[in-house]
Amino acid sequence: MEPSKAPQPFLSPYNSIDNEPRIRALWEDSKYANPDVCIEKGVTASDAEPYTIVLPPPNVTGTLHMGHAAMLAIEDILIRYQRMRGKKTLWVPGTDSAAIATQSKVEGDIYKKEKLSRHDLGRDELMKRIDAFTEESKNTIIEQVQRMGSSLDWSRYAYTMDAPRYNAVMTAFVRMYEAGLIYRGNRIVNWDPKLQTTVSDEEIEHVEQKDPFYYFQYGPFVIGTVRPETKFGDKYVVVHPDDERYAEYSHGQQLELEWINGPIVATVIKDEAANMETGTGAMTITPAHSAIDFEIAQRHKLDVEQVIDERGILLPIAGEFAGQHIKKARSMIVAKLHEKGLVVKIDESYTHNVSTNSRGGGTIEPQIKLQWFVGVNKEFTIPHSEIPGIQSGSKTTLKEVMRAAVASGATKINPERFEKIYFHWIENLRDWCISRQIWFGHRIPVWYKGDEIYCGTEAPEGEGWEQDHDTLDTWFSSGLWTFSTLGWPDKTPDLETFHPTSVLETGYDIIFFWVARMILMSGFHLGQVPFKQVYLHGLVRDGQGRKMSKSLGNIIDPLTMIEKYGADATRLSLIIGAQPGNDLKLDENRVRGYKHFANKLWNITRFVLENADASSLTATLTDADKALVAEAKELAQTVSGNIDTFRLDLAGDAVYHYVWDRFAAQIIEETKPVLKLYEGEEKASKQRMLYEILILSLKLLHPFMPFVTEAIWQELPEKETDLLMVAKWPVQPTGASSI
RNA sequence: GCACCCUUAGCUCAGUUGGUAGAGCAAUUCAUUUACACUGAAAAGGUCGCAGGUUCGAGUCCUGCAGGGUGCACCA
C-alpha cells in the first residue's frame with residue numbers, strides 16, 4: 001500500500017483513520033513479523049527461545065466477524081509481548097478451504113444464476129469455479145485480518161488447499177493407512193440427504209422438536225415410535241431380558257403377526273439395550289437407519305435391510321409406499337395402520353431431539369455406507385514419541401495418545417475445566433468417519449482396479465485404475481495444521497525450530513472438531529503434542545448476550561468499529577472484560593470508551609513532549625521521582641504476570657487504569673506546578689521521570705493498542721529502536737517456566 | 001438423563017492462598033478554555049441468587065436449593 005503522508009504530529013484529537021494505514025505500512029516494510037528478519041537485523045538473538053502460534057485459519061471465502069477480531073487481538077497481544085521480550089517469535093497466517101461450506105455456497109450461486117447442478121457441470125468444471133471463487137475472495141479476508149494490526153508473518157502464508165498442504169494431507173493419509181489406522185468399511189454413518197454426504201459425529205447438532213409419538217399393536221406387543229416410515233423392515237421386537245411383562249416370550253421365539261403390508265414373521269430379541277422405563281418397554285428395530293438398532297443387530301447377527309434411500313425415498317420393501325418421500329409417507333402409513341386397527345394410541349406432545357447437520361444441512365438420516373474411517377482404538381506401534389507416558393516403539397492407540405497428551409500436562413488447556421470436557425469426549429470417542437461425498441477437498445489417495453486397491457500419494461502406474469470419488473473431512477487436513485504449515489512432511493528448519501507450537505488460541509466451540517484432531521495427528525505423525533498450551537476464548541455476543549446473527553440484525557461488524565473508533569479501541573473492547581472461556585457481551589459504548597483512551601494517551605504524550613525530551617534522561621532523579629518510576633516498573637511486572645497466565649483482561653485493565661488514573665490524573669497534575677515554578681535539578685528530575693514513564697507506558701500498551709503507541713513512538717525525538725514493535729519489554733522473563 | 005459454567009451497583013463485569021465490597025458504561029449535580037470536552041470534580045447506587053455449614057472472620061471454602069446458559073446422550 002502507499003504510505004500516506006505523515007500528519008502534523010499531535011494534532012488533536014488522535015485520528016485513527018489517517019494513522020492506521022501509515023503504521024501498518026511501516027510494520028509491513030520492516031518485515032519484523034518474520035523471525036528470520038529479526039535475527040538478521042539483530043533484534044532477536046539467534047539462539048533465543050522460540051515462541052509460535054499458528055493462526056486458526058479463517059474461511060477463505062468469509063469476511064471478518066467479531067469472533068475473528070477477538071482471536072486476532074488475543075494472539076497479537078501474545079505475539080507482540082513475546083517478540084518484545086526477545087523471543088524468536090512466529091505467528092503463521094493461513095486460510096481454510098472450509099470444504100462443505102464453500103462448495104455449497106458456490107453450488108448455490110451457480111444454481112441461482114445458471115440453473116445448473118454440480119452434476120451438470122462435472123467435477124473438473126466445478127473445481128475450476130470454486131478455485132476462481134476462492135482466489136477472488138481470499139484477498140478480502142486477508143486485508144481484513146491485516147486491518148486489526150495483526151503482526152503475522154505473511155511470508156509463511158498457507159492455504160489448506162495449496163500444493164504443500166495437499167501433499168501433507170496425502171502423505172498423512174498414506175502413512176496412517178499403512179499403519180492400519182485408516183480403513184474402509186460398511187458402518188452406520190450420519191447421512192445428510194440434503195447435502196448428499198456423510199457428516200462426523202461432532203458436526204451433528206441436536207435440535208429439539210415436537211412430534212406425535214405413536215403406539216402400534218405389533219402382535220402381542222405394543223411398540224412406540226415417532227418414525228412409522230422406518231417400520232416396514234421391522235421384523236425383530238426387542239425387550240429387556242429382565243422385563244417381567246414379557247417373561248413368557250423367549251429369545252429367538254418367532255411370532256406371526258399382522259403388519260403394515262400384511263402378515264410377517266417377527267422374532268423376539270432379548271437385549272439390555274431395551275429400556276424398560278421407556279414407552280411399553282418393547283421396541284422394534286430398524287438396523288439400517290439407527291445407530292443403536294444397528295449395534296443390537298450386530299450383537300445378535302440379525303438381518304439388516306435398507307428401507308430409505310440416500311434421498312429420503314422409500315425403497316421397494318415399503319410395498320405400496322415405495323417411491324414416496326419419508327416426510328409424505330408418514331401420515332399415509334399411520335392412516336393405513338389405523339384402518340387395520342393397529343393404532344393403539346397417539347401422544348401428540350412428544351418432544352425429542354432430532355439430529356441435524358450443523359453445517360447448514362438437513363435432518364440426518366443414519367445409513368449404512370461404505371466409508372473411510374480412522375480407527376481410534378486400533379493398536380499400532382508408535383516409532384517415536386516425546387509425549388510423556390507414551391514410549392517410543394511401544395504399542396498404543398490414537399485414543400491413548402490423545403489422552404496422554406493432556407493427562408501428562410504436555411498440553412495444558414486453559415481454562416482448566418475444558419480438560420474435563422476433553423477427557424469425557426475422548427472416552428466416548430468412536431471411529432472417525434473421514435470420507436465426504438463432496439468434490440471440493442483433498443481427494444482420498446486410493447485407487448481401485450477390480451479387486452485391487454492401491455494407496456499412495458501419487459496415482460499408480462498402469463492402466464485402468466480409478467481413484468476413489470470421495471474427499472476427506474475438512475478437519476482431517478486441519479488436524480495437520482500446526483506442522484503442515486511448517487513444511488512437513490519435509491524435515492524443515494521451521495519444523496525443527498517452531499514445533500511443538502507454544503499456544504493454540506481458539507474459540508471453545510471447536511475444541512473437539514479441531515483441537516482434539518490436531519493432538520491426534522501431531523501425536524501420530526510427529527510423536528509430539530501440537531502445542532503446549534490451549535487457550536480458549538469465549539464467544540462474542542451482543543450487548544444483551546444474544547448470539548450475533550443476520551436474522552436478529554444485531555451483528556456488530558469489526559470493520560465498522562475500526563472505522564468509527566479505530567483498531568486499537570476495537571481490540572481493547574474485546575480484551576478488557578473478557579475472561580478466558582467466558583462469553584463476552586460487546587456493547588458499542590465500550591468501544592467508544594477505548595477510543596477516548598487512545599486520545600488520552602495522545603494528549604499525555606503531547607504534554608510530556610512539550611516539557612521533556614530524550615535529553616532529559618541524563619538528569620538525576622530525586623528520590624520521590626525514583627519511587628514513581630519504580631511504581632511504573634512494578635506495573636510492568638503485574639502486566640507481564642497477567643499476560644503469562646492468559647489474563648489479558650486483567651493486564652489490559654491494569655495498564656489502562658495506571659495510565660489514566662495514576663499517570664495522567666495524578667502524576668502529571670502534580671508535576672505541573674514544579675514545571676512552571678522551578679528551574680534546575682528538581683525540574684530536570686520531573687522531566688526525566690515523565691519521559692521515562694511515558695516510554696514505559698507506550699511499551700506496556702503496545703501489545704494491546706499497537707497503532708497509537710507506534711504512531712507516538714515515531715514522533716519521539718530519539719528512540720532505542722526504529723519501531724516500537726521491536727523495542728525491549730521493560731521486564732525480562734523471570735523464569736524458564738513462562739511460555 | 002449425565003456433566004460443566006454463571007448468578008456481585010440500572011447494564012457489562014473485576015475481586016488470583018478467606019481479612020473493611022471495586023471498575024467501565026449509563027444516569028444525577030457542578031466546573032468551562034485546560035496536555036485533553038474524545039475533559040475534570042462531586043455525590044448517588046450493592047442484606048455479593050436463596051438456605052444451611054466450616055471459621056475469630058465467607059463474595060471467596062463445603063452442602064443443599066432456585067434461576068439462567070453450555071456440552072454430551074436420547075429419532076423409544
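Atoms considered below: every heavy atom in the structure, side chains included; atoms not considered: hydrogens, waters and symmetry mates. Since the model is a prediction, treat every value here as computed from it, not as a measurement. Letters A, B, ... mirror the listed sequences (proteins, then strands); counts begin at 1.
Across all strands shown, A:Thr645 has no heavy atoms under 4.0 Å from either base or sugar-phosphate atoms. Across all strands shown, A:Ala664 has heavy atoms under 4.0 Å from base atoms, whether or not it also approaches the sugar-phosphate. Contacts of A:Ile364 with the nucleic acid, taken as non-hydrogen atoms under 4.0 Å apart, include base atoms. Nucleic acid contact class of A:Phe213 (heavy atoms, under 4.0 Å, all strands): sugar-phosphate only. Within the nucleic acid shown, A:Ala274 comes within 4.0 Å of at least one base atom, counting heavy atoms only. Using a 4.0 Å heavy-atom cutoff across all strands shown, A:Ile668 reaches at least one base atom of the nucleic acid. Residue contacts shown for A:Val354 are absent, as no nucleic acid heavy atom lies under 4.0 Å away. Using a 4.0 Å heavy-atom criterion, one finds that A:Ile576 contacts no nucleic acid atom at all. Within 4.0 Å of A:Glu205, counting heavy atoms only, lies no atom of the nucleic acid at all. Nucleic acid contact for A:Thr225: sugar-phosphate only, since backbone atoms but no base atoms lie under 4.0 Å from a heavy atom of the residue.
The listed nucleotides are B:A35, B:G24, B:C75; the one nearest the side chain of A:His657 is B:G24. Of the listed nucleotides (B:G15, B:C75, B:C38), B:C75 has the atom at the smallest distance from the side chain of A:Pro366. Here the nucleotide nearest the side chain of A:Glu669, chosen from B:U39, B:C75, B:C36, is B:C36. Relative to the side chain of A:Pro13, the nucleotides B:C38, B:A35, B:C4 differ in distance, and B:C38 lies closest. Distances were taken from every side-chain heavy atom of A:Phe607 (C-beta onward) to each of B:C75, B:A35, B:G40; the shortest belongs to B:A35. Comparing B:G15, B:A35, B:G71 against the side chain of A:Arg606 picks out B:A35 as the nearest. The side chain of A:His206 approaches B:A73 more closely than any other nucleotide in the set B:C75, B:G40, B:A73.
Looking only at side-chain heavy atoms (C-beta outward), A:Ile285 and A:Phe294 stay at 4.5 Å or farther from each other. In this structure, A:Leu694 and A:Leu690 have side chains that are not in contact, with every pair of non-hydrogen atoms separated by 4.5 Å or more. In this structure, A:Leu716 and A:Leu698 have side chains that are in contact, with non-hydrogen atoms separated by less than 4.5 Å.
Remark: C1' of B:U12 and CG of A:Leu574 are 14 Å apart, rounded to the nearest angstrom. In this structure, CD of A:Glu416 is placed 13 Å from C1' of B:C4, rounded to the nearest angstrom. The CD atom of A:Glu427 sits 17 Å away from the P atom of B:C2 (whole-angstrom rounding). B:C75 atom C1' lies 14 Å from atom CD1 of A:Ile223, rounded to whole Å. In this structure, the CG atom of A:Leu536 is 18 Å from the P atom of B:U70, given to the nearest Å. We find that CG of A:Asn599 is positioned 10 Å from P of B:C36, with the value rounded to whole Å. Atom-to-atom, CZ of A:Phe423 to C1' of B:C72 comes out at 17 Å; the value is rounded to the nearest Å. Note: CD (A:Glu588) to P (B:A26) measures 12 Å, nearest angstrom.
Two rings, from A:Tyr214 and A:Phe216, have their centers less than 6.0 Å apart. Note: A:Phe321 and A:Phe232 meet the aromatic proximity criterion, with ring centroids under 6.0 Å apart.
Ring planes of A:Phe597 and A:Trp660: parallel class, angle under 30° (limits at 30 and 60°). The aromatic rings of A:Phe418 and A:Tyr508 lie parallel to each other, with less than 30° between the two planes, well short of the 60° mark. Using the six-membered ring where Trp is involved, A:Tyr658 and A:Phe663 have ring planes that are parallel, under 30° apart on the 30 and 60° scheme. Ring-plane geometry between A:Tyr14 and A:Trp602 is classed as tilted, the angle between the planes lying from 30 to 60 degrees on a 0 to 90 degree scale.
Straight-line distance between the C1' atoms of B:C48 and B:G59: roughly 5 Å, to the nearest whole Å. Spacing of C1' atoms, B:U60 relative to B:U8, comes out at 12 Å, to the nearest Å. The gap from the C1' atom of B:C61 to that of B:C74 amounts to 37 Å, rounded to the nearest Å. For the P atoms, the distance from B:G1 to B:G18 is 35 Å, rounded to whole Å. Distance check on atom P: B:G45 versus B:A23 gives 14 Å, rounded to whole Å. Spacing of C1' atoms, B:C65 relative to B:C6, comes out at 16 Å, to the nearest Å. A distance of about 31 Å separates the C1' atoms of B:U12 and B:G52, rounded to the whole Å. Between B:G10 and B:C4, the distance separating the two C1' atoms is 30 Å to the nearest Å.
RNA chain B is contacted by A:Asn589, A:Lys595, A:His596 of residues 589-598 of chain A, taking any non-hydrogen atom closer than 4.0 Å.
Side-chain N/O atoms of A:Lys600 and base N/O atoms of B:C36 include a donor-acceptor pair closer than 3.5 Å. With hydrogens and angles left out, the side chain of A:Lys672 and the base of B:A35 share a donor-acceptor pair within 3.5 Å.
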### Message
Only Watson-Crick and G-U wobble pairs with both distances less than 3.5 Å should count. Give RNA chain B in dot-bracket notation, marking inter-strand partners with |.
### Response
(((((((..((((.....[..))))..((((.......))))......(((((..]....))))))))))))....

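Take the nearest nucleotide of RNA chain B for A:Thr230 and for A:Thr605: the residue whose nucleotide is more 5' is A:Thr605.
In summary, the side chains of A:Thr284 and A:Lys231 do present a donor paired with an acceptor at a separation below 3.5 Å, with no hydrogens or angles considered. Defined by atom type and a distance below 3.5 Å, a donor-acceptor pair is missing between the side-chain atoms of A:Gln666 and A:Glu670. Between A:Asp234 and A:Thr286, the side chains place a donor N or O and an acceptor N or O closer than 3.5 Å (distance only, hydrogens not considered).
Within the structure, no pair that satisfies the salt bridge (charged side-chain N to carboxylate O under 4.0 Å, His left out) test touches residues 343-354 of chain A, not counting sequence neighbours.
Between A:Trp660 and B:G40 there is a side-chain polar atom (N or O) within less than 4.0 angstrom of OP1 or OP2.
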